[in-house]
Amino acid sequence: MNKLRWAGVLLLLAAAGCSRSGQGNEDAAGDSLHGAVRIDGSSTVFPITEAVAEEFQKLHRNVRVTVGIAGTGGGFKRFAAGETDISNASRPIDPTEAALAAANHIEFIELPVGFDGLSVLVNPANDFVSSLTVAELKRIWEPASTVKRWSDVRKEWPAREIHLFGAGTDSGTFDYFTEAINGKAKAIRADFSASEDDNVLVQGISGDRDALGFFGYAYYAENKDKLKLVAVDPGTGPVLPSPETIRNGTYQPLSRPIFIYINKQAASRPEVNVFVEYYLANAPQLVAEVGYVPLTEALYALVQQRYAKRVTGSVYANRGAQVGVTLESLLRAEQ
């Protein structure tokens with residue numbers, strides 16, 4: 001997870017390839033596989049894809065994989081313009097982005113790869129906030145918010161100014177949080193420190209005793225000694241995000257699937273196809289390794305079928321992020 005501290009576009013070159021593994025992840029061409037796989041998008045999904053790319057290149061030293069962190073929105077802009085083969089995304093593609101891809105004759109395959117619990121954090125020196133209700137989060141973050149101090153949230157809390165940190169506007173985390181908490185994607189107060197790089201948010205919250213912020217669970221898991229997790233109460237009692245509560249859906253409304261999007265035409269290139277197959281075969285292990293929550297075995301089987309059949313489009317088409325709707329129900333509806 002030290003990989004989380006890397007930023008920008010990474011050029012990942014690994015050592016010599018090896019023979020076909022027992023898991024069936026090595027292709028018949030071995031080291032004769034060559035070319036490039038271009039990836040950009042979500043900083044949330046970045047650690048998974050970066051880990052996959054590193055392991056993949058240990059088997060295929062002649063394939064160059066680049067992974068950027070432009071944010072989900074920034075990644076989709078590049079993807080829709082044909083500049084990348086794969087786009088990391090922490091939310092579903094929206095209708096405008098899908099329309100731009102279609103205008104550029106780009107068909108895409110949407111593949112969920114894991115679950116994330118979008119986490120609410122404060123500084124460890126904060127000894128009074130242990131949980132927040134969804135209603136309180138909305139009062140803090142909504143566009144017309146008048147909350148300035150902790151005492152504006154609960155009268156018994158200190159009358160100190162709250163310093164807010166959150167995902168940048170090109171981030172899928174930003175879109176999902178605003179829709180889940182404020183009821184409308186991108187609707188938020190303007191006076192907060194924003195960044196597409198979650199490491200910047202970690203630094204901001206860990207250095208400010210009156211900070212409050214949000215980002216993906218894996219960045220909390222990597223920085224537990226610097227951050228304090230806040231339980232979220234949707235009205236049925238406070239729940240902390242954990243692999244268990246994220247997987248079983250009890251951490252609401254901030255549990256969500258995370259994705260990779262594949263350019264269908266690019267998937268016809270051997271290096272891209274083998275990379276995606278390797279990604280899906282190894283996702284259960286690598287998703288957990290970097291701090292996120294793997295899908296169930298049944299869900300991964302559905303995702304692999306979706307890729308094998310080259311099913312294009314989004315199961316979320318014209319439905320937004322579908323907060324609270326199960327991924328399994330959407331995938332099974334395609335069967």
Side-chain angles (χ1 to χ4, degrees), residues 1-12 38-51 53 65-81 83-94 96-97 100 113-114 116-121 141 143 163-182 184-208 211-223 226-227 254 256-261 290-292 321:
M1 281 292 293
N2 287 333
K3 304 183 188 77
L4 282 172
R5 300 188 179 92
W6 302 355
V9 177
L10 301 184
L11 180 61
L12 307 168
R38 303 164 300 168
I39 308 169
D40 204 346
S42 168
S43 62
T44 299
V45 184
F46 165 78
I48 305 170
T49 302
E50 189 266 350
V65 183
T66 56
V67 188
I69 52 169
T72 296
F76 276 139
K77 288 175 187 175
R78 296 195 65 204
F79 183 76
E83 297 175 7
T84 57
D85 305 308
I86 298 172
S87 202
N88 293 329
S90 59
R91 59 157 172 82
I93 192 168
D94 71 28
T96 301
E97 293 160 341
L100 180 58
V113 294
D116 177 31
L118 206 161
S119 302
V120 178
L121 294 310
W141 287 99
H163 303 147
L164 298 173
F165 295 81
T169 57
D170 264 344
S171 168
T173 296
F174 171 83
D175 293 339
Y176 193 92
F177 182 86
T178 51
E179 182 170 343
I181 298 301
N182 293 335
K184 182 179 179 182
K186 301 186 184 301
I188 199 168
R189 64 191 294 169
D191 57 337
F192 72 100
S193 298
S195 178
E196 313 296 345
D197 186 347
D198 292 342
N199 291 301
V200 173
L201 302 178
V202 169
Q203 293 169 8
I205 296 169
S206 65
D208 185 337
L212 173 71
F214 63 89
F215 47 75
Y217 181 79
Y219 287 84
Y220 161 73
E222 168 66 7
N223 296 278
K226 302 176 183 177
L227 302 164
L254 296 176
R256 58 176 179 168
I258 49 182
F259 308 86
I260 56 173
Y261 284 73
V290 301
Y292 290 116

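Since this is a predicted model, take the numbers as computed values, not measurements.
Looking only at atom types and distance, the side chain of Asp40 has no donor-acceptor partner in the side chain of Thr84 under 3.5 Å away.
Take Asp116 and apply the salt bridge (charged side-chain N to carboxylate O under 4.0 Å, His left out) test, not counting sequence neighbours, and it matches Arg256. Under the side chain to side chain donor-acceptor pair (under 3.5 Å) criterion, Thr72 pairs with Ser90, not counting sequence neighbours. Among residues two or more places apart in sequence or in another chain, the side-chain contact (heavy atoms from CB on, under 4.5 Å) test is passed with Ala185 by Thr178, Glu179. Qualifying ring-ring contact (aromatic ring centres under 6.0 Å, His included) partners for Phe76, counting only residues two or more places apart in sequence or in other chains: Tyr261. Shown here are the salt bridge (charged side-chain N to carboxylate O under 4.0 Å, His left out) partners of Asp170, two or more places apart in sequence or in another chain: Lys77. Legend: residues meeting ring-ring contact (aromatic ring centres under 6.0 Å, His included) with Phe214, ordered by chain and number and at least two apart, are Trp141, Phe177. With sequence neighbours excluded, the residues that form a salt bridge (charged side-chain N to carboxylate O under 4.0 Å, His left out) with Lys186 are Asp175. Residues meeting the salt bridge (charged side-chain N to carboxylate O under 4.0 Å, His left out) test with Glu97, sequence neighbours left out: Arg91. Checked against side-chain contact (heavy atoms from CB on, under 4.5 Å), Ala81 has the following partners two or more places apart in sequence or in another chain: Glu83. Here Ala80 pairs with Leu100, Ala101 under the side-chain contact (heavy atoms from CB on, under 4.5 Å) rule; sequence neighbours left out.
Summarising the geometry, atom CZ belonging to Phe192 is positioned 11.5 Å from atom CG belonging to Leu212; distances are rounded to the nearest 0.5 Å. In this structure, CG in Leu227 is found 9.5 Å from OG in Ser119, a value given to the nearest 0.5 Å. The line from CD1 of Ile260 to CD1 of Ile48 is 9.5 Å long, rounded to the nearest 0.5 Å. If you take OG1 on Thr66 and CZ on Arg38, they are separated by 8.0 Å, rounding to the nearest 0.5 Å. We find the OG-CG distance between Ser43 and Asn199 to be 8.5 Å, quoted to the nearest 0.5 Å. Atom CD of Glu196 is separated from atom OG1 of Thr173 by 9.5 Å, given to the nearest 0.5 angstrom.
Counting only heavy atoms from C-beta outward, the side chains of Val120 and Leu254 approach each other to under 4.5 Å. Looking at Tyr219 and Leu121, their side chains never come closer than 4.5 Å, going by heavy atoms from C-beta outward.
When all heavy atoms of Tyr292 and Thr44 are compared, the pair lying nearest together is OH-O, 2.8 Å. Across all non-hydrogen atoms, the minimal contact from Val67 to Phe46 is CG1-CD1, 3.5 Å. When all heavy atoms are compared, the tightest approach of Ser193 to Leu201 is O-CD2, 4.1 Å. Ile69 and Ser42 get closest at one heavy-atom pair: CG2-O, 4.4 Å. Between Ser195 and Val200, the closest heavy-atom pair is OG-CB, 3.5 Å. Closest non-hydrogen pair, Ala194 versus Ala167, comes out as CB-O, 4.0 Å.
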Go through the steps to decide whether Leu164 and Arg189 satisfy the test side-chain contact (heavy atoms from CB on, under 4.5 Å), and finish with yes or no.
CA-CA 10 Å; Leu164 298 173; Arg189 64 191 294 169; 3.6 Å; yes
